[in-house]
Protein chains: 2
Amino acid sequence: MPKIKFDTIYKDLKNKIEAGEYPFNSIFPTEHELAAIYSCMRSTIRRALAELIQCGYIQVRQGQRTRVIYEPVARNTFLIGGIESFTEAATRNKFKHCTRVVRFDKIIADTEIAEKTDFPIGTKLYDVRRVRYLNGKPLILDKNLFLISAVGDLNEEIAKRSIYEYLENELKMKIVTSKRRMTVELATTEDKAWLELDDYNCLAVLSGRVFNSDGIQFEYTESRHCPDYFCFEDTATRNKKRFL
Amino acid sequence: MPKIKFDTIYKDLKNKIEAGEYPFNSIFPTEHELAAIYSCMRSTIRRALAELIQCGYIQVRQGQRTRVIYEPVARNTFLIGGIESFTEAATRNKFKHCTRVVRFDKIIADTEIAEKTDFPIGTKLYDVRRVRYLNGKPLILDKNLFLISAVGDLNEEIAKRSIYEYLENELKMKIVTSKRRMTVELATTEDKAWLELDDYNCLAVLSGRVFNSDGIQFEYTESRHCPDYFCFEDTATRNKKRFL
DNA sequence: GCCGATTTGTCCGTATGTATC
DNA sequence: CGATACATACGGACAAATCGG
């Protein structure tokens, strides 16, 4: 693993912020000061700051000093952000988790599936459905369709652990981009069968199409979440006129 | 308005991609080629490409050629969040829209509000609630709390038009960062009173805390959306970059 | 499988512009 | 108004990953 300077600096600053060394709303060192501290160019510092901006830790404005806007959150919610698998998110949130594979089949994409997933009609796919348990409660119904020609041999054992780990480590496949869409849908009988929805008659549905480095869509994923634990967070830093 | 080179290049490339000059899954020019085309440094091109990556238009990987992954949105869904505002989304879909102010008050933050909004207890706030109509249907209940000490004089007339326009143009306030969170909640009696929820007993709730350049949170916003029209889109990449 | 060419990734060093205090 | 701090751009060097022969 090569040492990437800006990444090292970014992680160091991030840790310092999380440790409270630079508290919420305090003033951050200037780019020049940081360049001196880390003995590097200002451009390298800026690259590191860009990461801190992106993850919503600092706020930067021309002519002004940089401000820390990170606040620690006590979260019992399940946060989804970036490209993160269930296992990664669960581990980050320090939850006990397990997975039950409730379906593992090979199918051929028909008209309905093609419409929904963007896979062409006739495509050979793995159809994997898994129920995700957090602290013993069934919270998520994950429905995945994998392009067989891209992912090769999968089996139920892999599905039970982590398919992404397998794809990245074993197949050396690089997951690059993922287009996701969040909607709220009425619960189906399948949802009700597997999940504990309590009073809710809806679910948060996070569907996504994942592309590898060849630009090929190799997965369609649909995560159907119990509303009570679902939470999606996001920090927008642009001064675009999103509101009006 | 000064001409920002990288931004001009970014917009030009974006337009070309949207116009189909570089179709989905096609190969993009190399950085050197683009530098030659636009007569600028490679670093400037990279800055423009960073924007295209961030908005999910291209996919870049070391050693490989850059790929176009932009696809036009053909669907008639009503997209919220990502980049578009209510008004922009309504305009794109050629829908008729209007806004009705259903509440305009001054309040003092109590324990419950403080907990939810992060404003300290005792803070003086404007409480504005608006119902957004699309094609005559009430789809969104917008609840906003504004810090009176930061936004000064508001009135119902401004709320009916655009509060943000007022803040930015009249007060010269710069909106810098916004932390948003998406959840699914059970419908309250207030929701049922204003919105047509049909069979759903839940809503998609987009809540956010907006900070100005002083690092002061001056707004808490909560958009409660009818599920049937709600759709949130997002493109995630493994390494987002803002500037290089 | 090796090797060289290509392409993107990182970083240095400098200069100038622009917003804010 | 000057000083400060962030923003953009130029120009170059080398590293790392990939691809084609």
Side-chain angles (χ1 to χ4, degrees), chain A residues 1-11 13 26-53 58-69 168 171-177 212-216 237-239, chain B residues 1-11 13 26-54 58-69 168 172-177 212-215 237-244:
Chain A
M1 187 70 174
K3 251 204 163 177
I4 308 295
K5 209 162 185 176
F6 85 84
D7 195 55
T8 314
I9 296 170
Y10 158 63
K11 289 192 177 112
L13 290 172
S26 67
I27 299 298
F28 212 58
T30 68
E31 295 175 355
H32 276 111
E33 285 164 2
L34 289 171
I37 291 170
Y38 290 99
S39 308
C40 67
M41 275 280 88
R42 201 179 133 230
S43 54
T44 307
I45 292 296
R46 282 178 64 73
R47 183 70 174 81
L49 292 186
E51 304 289 316
L52 290 172
I53 294 168
I58 58 171
Q59 179 175 91
V60 181
R61 252 171 62 81
Q62 187 171 9
Q64 290 181 205
R65 296 291 301 265
T66 298
R67 224 171 254 285
V68 179
I69 56 168
E168 290 205 335
L171 262 56
K172 306 291 178 203
M173 176 180 281
K174 310 270 180 157
I175 292 125
V176 184
T177 311
N212 68 12
S213 60
D214 297 326
I216 293 172
T237 56
R238 297 124 116 200
N239 197 6
Chain B
M1 186 67 176
K3 250 204 163 175
I4 308 294
K5 208 162 186 176
F6 86 84
D7 195 56
T8 314
I9 297 171
Y10 159 63
K11 288 194 177 110
L13 290 172
S26 68
I27 299 297
F28 213 58
T30 67
E31 295 174 356
H32 276 111
E33 284 165 3
L34 289 170
I37 292 170
Y38 290 99
S39 309
C40 67
M41 282 308 315
R42 196 180 138 227
S43 52
T44 307
I45 292 296
R46 285 180 64 74
R47 180 69 173 83
L49 293 186
E51 303 289 313
L52 290 172
I53 293 168
Q54 204 213 329
I58 59 171
Q59 180 175 87
V60 180
R61 252 170 61 81
Q62 187 173 156
Q64 290 181 200
R65 296 293 300 266
T66 297
R67 223 172 255 286
V68 180
I69 54 169
E168 292 202 337
K172 306 292 180 202
M173 178 179 279
K174 310 269 181 159
I175 291 120
V176 185
T177 311
N212 68 11
S213 59
D214 297 325
T237 56
R238 271 291 196 207
N239 272 317
K240 282 197 185 175
K241 299 165 197 80
R242 267 189 68 78
F243 42 75
L244 306 176

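All chains are named by letter (A, B, ...) in the order of the sequence lines, taking the proteins before the strands, and each is independently numbered beginning at 1.
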Whole-Å distance between [N] [atom2] and [X] [atom1]?
X       : N      : atom1 : atom2 : value
A/Arg47 : D/dA7  : CZ    : P     : 15 Å
A/Tyr38 : C/dC12 : OH    : C1'   : 19 Å
A/Leu49 : D/dT8  : CG    : P     : 13 Å
B/Ile58 : C/dT7  : CD1   : P     : 15 Å
B/Gln59 : C/dT7  : CD    : P     : 18 Å
B/Tyr10 : D/dA9  : OH    : P     : 15 Å
A/Glu51 : C/dC11 : CD    : P     : 11 Å
B/Arg67 : D/dT18 : CZ    : P     : 13 Å

message: Walk me through whether A/Tyr38 and A/Lys5 qualify under side-chain contact (heavy atoms from CB on, under 4.5 Å).
response: CA-CA 9 Å; A/Tyr38 290 99; A/Lys5 209 162 185 176; over 6 Å; no
query: OP1 or OP2 of D/dC10 less than 4.0 angstrom from a side-chain nitrogen or oxygen of B/Lys5, does that happen here?
result: yes
- prompt: Can you tell which of D/dC10, C/dG13, C/dC11 lies closest to the side chain of A/Thr44?
  reply: C/dC11
query: Between C/dT14, D/dG11, D/dA9, which nucleotide has the shortest distance from any of its atoms to the side chain of B/Met41?
result: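 Taking heavy atoms from C-beta onward, the closest nucleotide is D/dG11.
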Mind listing the N/O atom pairs, protein and nucleotides 3-6 of chain D, below 3.5 Å?
from: D/dC6; atom 1: OP1; to: A/Thr66; atom 2: OG1; distance (Å): 3.3
from: D/dC6; atom 1: OP2; to: A/Glu31; atom 2: N; distance (Å): 3.1

query: Is there a side-chain contact (heavy atoms from CB on, under 4.5 Å) between B/Ile27 and B/Arg67 once you walk through the steps?
result: CA-CA 5 Å; B/Ile27 299 297; B/Arg67 223 172 255 286; 4.3 Å; yes
query: Looking only at heavy atoms, what is the nearest atom pair of A/Thr8 and A/Ile4, with distance?
result: OG1-O, 2.7 Å
query: What pair of heavy atoms forms the shortest contact from A/Glu31 to A/Leu49, and how long is it?
result: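 So the minimum-distance heavy-atom pair works out to CG-CD1, 3.7 Å.
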Going from [atom1] on [X] to [atom2] on [Y], what distance comes out if it is rounded to the nearest 0.5 angstrom?
X       : Y       : atom1 : atom2 : value
A/Leu34 : A/Ile9  : CG    : CD1   : 8.5 Å
B/Glu51 : B/Tyr10 : CD    : OH    : 6.0 Å
A/Arg65 : A/Ser26 : CZ    : OG    : 10.0 Å

task: Tell me the partner of D/dC1, counting only Watson-Crick (N1-N3 plus N6-O4 or O6-N4) or G-U wobble (N1-O2 and O6-N3) with both under 3.5 Å; none if nothing fits.
output: none
